[in-house]
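Worksheet: the structure to be examined is printed underneath.
Computed over heavy atoms, backbone and side chain alike; hydrogens, waters and symmetry mates excluded. In what follows, every chain begins at residue 1, and chains take the letters A, B, ... in the order their sequences are listed. Remember, it's a predicted structure, so these values are computed and weren't measured experimentally.
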There are 2 protein chains.
Amino acid sequence: MTEAVSRPTLEAVAARAGVSRATVSRVVNGGDGVRESLAERVRQAVADLGYVPNQAARSLVTRRHDAVAVVIAEPESRVFADPFFALQLRGISKELTAHDNQLVLLLTEGRDDHARVARYLAGGHVDGALVFSLHLDDPLPGLIRAAAVPTVFGGRPHGSAPGGAGVAYVDCDNRGGARTAVRHLVDLGRRRVAHITGALDQTSAVDRLDGYRDVMADVLGGADPGLVVQSDFTPAGGERAMRELLDRCPDVDGVFAANDLTALGALRVLRESGRRVPQDVAVIGFDDMVPVAEQTDPPLTTVRQDIEEMGRLMARLLLSGLPGGRGRGRGTARTPAPDARAAPDGGVILPTTLVRRATA
Amino acid sequence: MTEAVSRPTLEAVAARAGVSRATVSRVVNGGDGVRESLAERVRQAVADLGYVPNQAARSLVTRRHDAVAVVIAEPESRVFADPFFALQLRGISKELTAHDNQLVLLLTEGRDDHARVARYLAGGHVDGALVFSLHLDDPLPGLIRAAAVPTVFGGRPHGSAPGGAGVAYVDCDNRGGARTAVRHLVDLGRRRVAHITGALDQTSAVDRLDGYRDVMADVLGGADPGLVVQSDFTPAGGERAMRELLDRCPDVDGVFAANDLTALGALRVLRESGRRVPQDVAVIGFDDMVPVAEQTDPPLTTVRQDIEEMGRLMARLLLSGLPGGRGRGRGTARTPAPDARAAPDGGVILPTTLVRRATA
DNA sequence: ATGAAAGCGCTAACAA
DNA sequence: TTGTTAGCGCTTTCAT
């Protein structure tokens with residue numbers, strides 16, 4: 001661990017190039033309206049000295065930080081249990097990097113942390129925030145609104161309503177994906193199609209349940225309520241739910257699980273019970289967590305969402321909404337991704353696709 | 001996405017409290033040497049106005065940022081495939097938060113990114129860096145050394161040698177953990193104990209292999225070289241290796257896999273081959289990635305490392321080495337964790353423990 | 001097209 | 001103990 005040395009300033013570069021600080025500043029920041037010969041001299045001096053602008057000094061006057069906070073609430077939760085989190089972060093990081101913004105990571109675990117994060121965001125240390133807050137009772141969204149920081153949410157936040165206030169968010173098409181999955185089971189000839197829900201205090205779980213109901217109502221004239229079992233996105237929860245299901249409806253012939261982890265648990269119980277998958281019971285998951293979905297026995301058919309793209313999109317959306325026309329470099333807010341869709345409540349929805357493996 | 005409003009300054013607080021800026025500054029920063037009555041007035045004014053210090057202005061004069069970069073090289077790799085990454089980040093975040101430092105996340109994916117990160121670190125935007133760089137040919141460590149930024153590495157970096165230069169790093173006891181695992185297999189009466197290595201361009205894989213060899217030399221008078229198969233920390237790699245192993249040494253009765261993912265693959269091949277685990281072949285993994293280890297069939301016996309603690313420790317080590325006596329709040333550099341050990345080359349090694357489940 | 005000069009909001013001598 | 005003052009390194013009018 002070495003000590004950092006003092007670095008050259010604008011002043012030094014100016015002296016070396018034989019110009020004023022103002023000129024150097026112009027060159028360093030895009031440099032319009034500077035004679036090319038001078039600009040070249042400046043660039044040379046910058047290179048010679050290894051000059052790097054002092055971001056603190058710059059922020060002090062511009063009030064911009066070129067930094068964005070990524071807030072992840074309750075890392076215990078699902079977000080942390082799977083590569084979801086990492087992939088999303090990767091997408092965000094790529095986009096921010098492409099626009100020379102830094103990523104400040106804020107992980108929260110409880111009450112005190114909420115206050116801390118709120119204070120930080122309100123403190124104007126970053127230009128905006130990307131927020132993942134899954135649970136219904138999370139106070140964070142409210143605090144963030146109060147902090148008046150430009151924000152994009154990851155996943156449809158609670159309280160967003162069609163035609164509503166227009167909170168910015170990015171989500172995958174949970175409802176549509178669920179519909180595709182269930183319709184696929186129906187197309188396979190299954191008539192007793194069950195759904196093991198996710199944690200219903202998360203909008204993704206609610207939306208997937210809605211998608212399931214859509215198809216059941218449409219195609220089968222409404223679902224037997226006994227075919228819906230509440231669970232929590234975990235393998236253990238999936239096991240429990242599947243057992244209950246088998247108990248209640250031994251004739252079940254199709255299962256749409258709220259996510260791959262749940263499907264994993266269900267699969268295990270199905271095997272224990274002597275049922276063959278997919279012959280006796282077809283199973284579909286959600287997420288396409290590849291390491292899980294490919295390793296189940298048999299490999300899991302599931303609904304894929306492009307998680308990294310969601311992250312990228314969140315960042316792009318945030319940057320494009322910030323003053324200074326950032327984020328216009330590649331892609332714009334209007335057409336964030338070739339196939340993204342605008343939701344009526346101001347969100348952006350990414351499509352899902354069914355990945356057929358062996359369970360359905 | 002709302003616009004941020006202009007926030008109160010020290011000046012405003014000073015005016016309201018009827019004191020000078022200097023006094024407010026003193027109160028805000030610990031406030032020794034200020035009459036209590038005045039201090040109280042200041043605190044009131046701060047609260048009334050909702051004053052939050054402008055970090056940019058502060059950094060400009062103090063040359064401190066209270067921010068630490070976390071650099072993760074090649075997020076494709078193992079780090080991203082499992083919760084490892086998330087847990088470590090959590091540990092880091094907790095420790096940094098406890099000392100009011102921010103976490104700036106830098107993800108890199110290739111050549112250009114290296115330069116970018118190097119520039120950022122050299123730019124003096126952060127007080128230090130926590131670096132994860134797994135691979136032998138990674139240019140990052142060199143660039144970082146050149147940037148002269150206080151740094152702590154996650155995992156023993158390449159080129160660190162006993163009695164060597166003293167790069168700061170935190171790692172788990174890979175070699176000792178491997179010894180424990182192999183010794184356990186031997187104690188179980190296994191004599192044909194194989195090792196499926198990890199990617200040998202990572203020190204963790206090398207150290208685990210060394211641990212395996214230690215015990216084999218000690219107890220069995222040296223390993224049959226045929227019992228060591230190179231692999232890459234992935235389930236597919238584990239399968240491949242196990243097949244090769246079965247081919248070469250059908251009499252193998254124990255397998256120490258370099259990590260849980262590898263063990264997962266090995267388990268699958270073992271089952272296919274009709275071998276019973278642990279009766280015919282006992283298997284031990286490494287890492288204790290709980291979601292994986294608990295879900296294998298049968299549940300995996302493995303070597304546990306406290307990943308979150310490693311992260312916490314890295315942060316603590318870095319902060320305690322920084323000027324300004326940060327990081328002395330809870331725990332110190334000398335005794336970072338109750339059971340951490342100093343390595344001869346300047347690293348800190350955390351202990352591992354064997355978690356017995358059903359495979360050995 | 002270029003330079004001079006005035007701060008951005010804060011801390012840290014130094015005086016009082 | 002408190003206040004005054006001089007910058008930290010940069011951007012940005014405003015002159016030239």
Sorted by number, the residues of residues 34-48 of chain A with heavy-atom contact under 4.0 Å to DNA chain C: A/V34, A/R35, A/L38
Could you tell me from which nucleotide to which nucleotide of DNA chain C, 5' to 3', there is an atom under 4.0 Å from chain A heavy atoms? C/dA1 to C/dG9
List in chain and number order the residues that pass salt bridge (Lys or Arg N to Asp or Glu O under 4.0 Å) with A/D48, two or more places apart in sequence or in another chain; answer none if no residue qualifies. A/R16
Within the structure provided, determine whether A/D66 and A/D100 are in side-chain contact (heavy-atom separation under 4.5 Å). no
Could you list, one pair per line, each protein nitrogen or oxygen that sits under 3.5 Å from a nitrogen or oxygen of nucleotides 13-16 of chain D, together with the distance?
none

For the backbone of B/R64 and the side chain of B/S59, can you confirm whether one donor and one acceptor N or O come within less than 3.5 Å of each other? yes
Tell me the interatomic distance from B/L10, atom CG, to D/dT4, atom C1', rounded to whole angstroms. 15 Å
Protein-nucleotide distance (B/R58, atom CZ; D/dG7, atom C1'), rounded to Å: 17 Å
Quick check on side-chain contact (heavy atoms from CB on, under 4.5 Å): which of A/D345, A/T151, A/V348, A/L317 does A/Y169 satisfy it with? A/D345
Please identify each residue that fulfils side chain to side chain donor-acceptor pair (under 3.5 Å) with A/D171, with sequence neighbours left out. A/N174
Euclidean distance, atom CD of residue B/E11 to atom P of D/dG3 [Å, nearest integer]: 12 Å
Per-helix bend value, the helix from C/dA1-D/dT16 to C/dA16-D/dT1, C1' rotation axes over five pairs per end, 10° rounding, shows 40°
The side chain to side chain donor-acceptor pair (under 3.5 Å) partners of A/T62 (sequence neighbours excluded) come to none
N or O in side chain of B/T23 less than 4.0 angstrom from D/dG3 OP1/OP2: yes
Run the salt bridge (Lys or Arg N to Asp or Glu O under 4.0 Å) test against B/D113 and tell me which residues pass, sequence neighbours left out. B/R116
Report the residues that fulfil side chain to side chain donor-acceptor pair (under 3.5 Å) with A/R43, sequence neighbours left out, ordered by chain and then residue number. A/E36, A/E40
Find the distance B/R64:CZ to D/dG9:C1' and express it as a whole number of Å. 19 Å
Mind checking ring-ring contact (aromatic ring centres under 6.0 Å, His included) for A/H125 and listing every partner two or more places apart, or none if nothing turns up? A/Y120
Heavy atoms under 4.0 Å, any strand shown: does B/R21 hit a base, just sugar-phosphate, or nothing? base
Non-hydrogen side-chain atoms of B/N54 and B/T9 separated by less than 4.5 Å: no
Under the side chain to side chain donor-acceptor pair (under 3.5 Å) rule, collect the residues that match up with B/R58, sequence neighbours excluded. B/N29
All side-chain contact (heavy atoms from CB on, under 4.5 Å) counterparts of A/A122, not counting sequence neighbours: A/A147
If you only use heavy atoms from C-beta on, which nucleotide in D/dT4, D/dT12, D/dG9 is closest to the side chain of B/L60? D/dG9
Using a 4.5 Å cut-off on heavy atoms from C-beta on, say whether the side chain of B/L38 contacts that of B/V19. yes
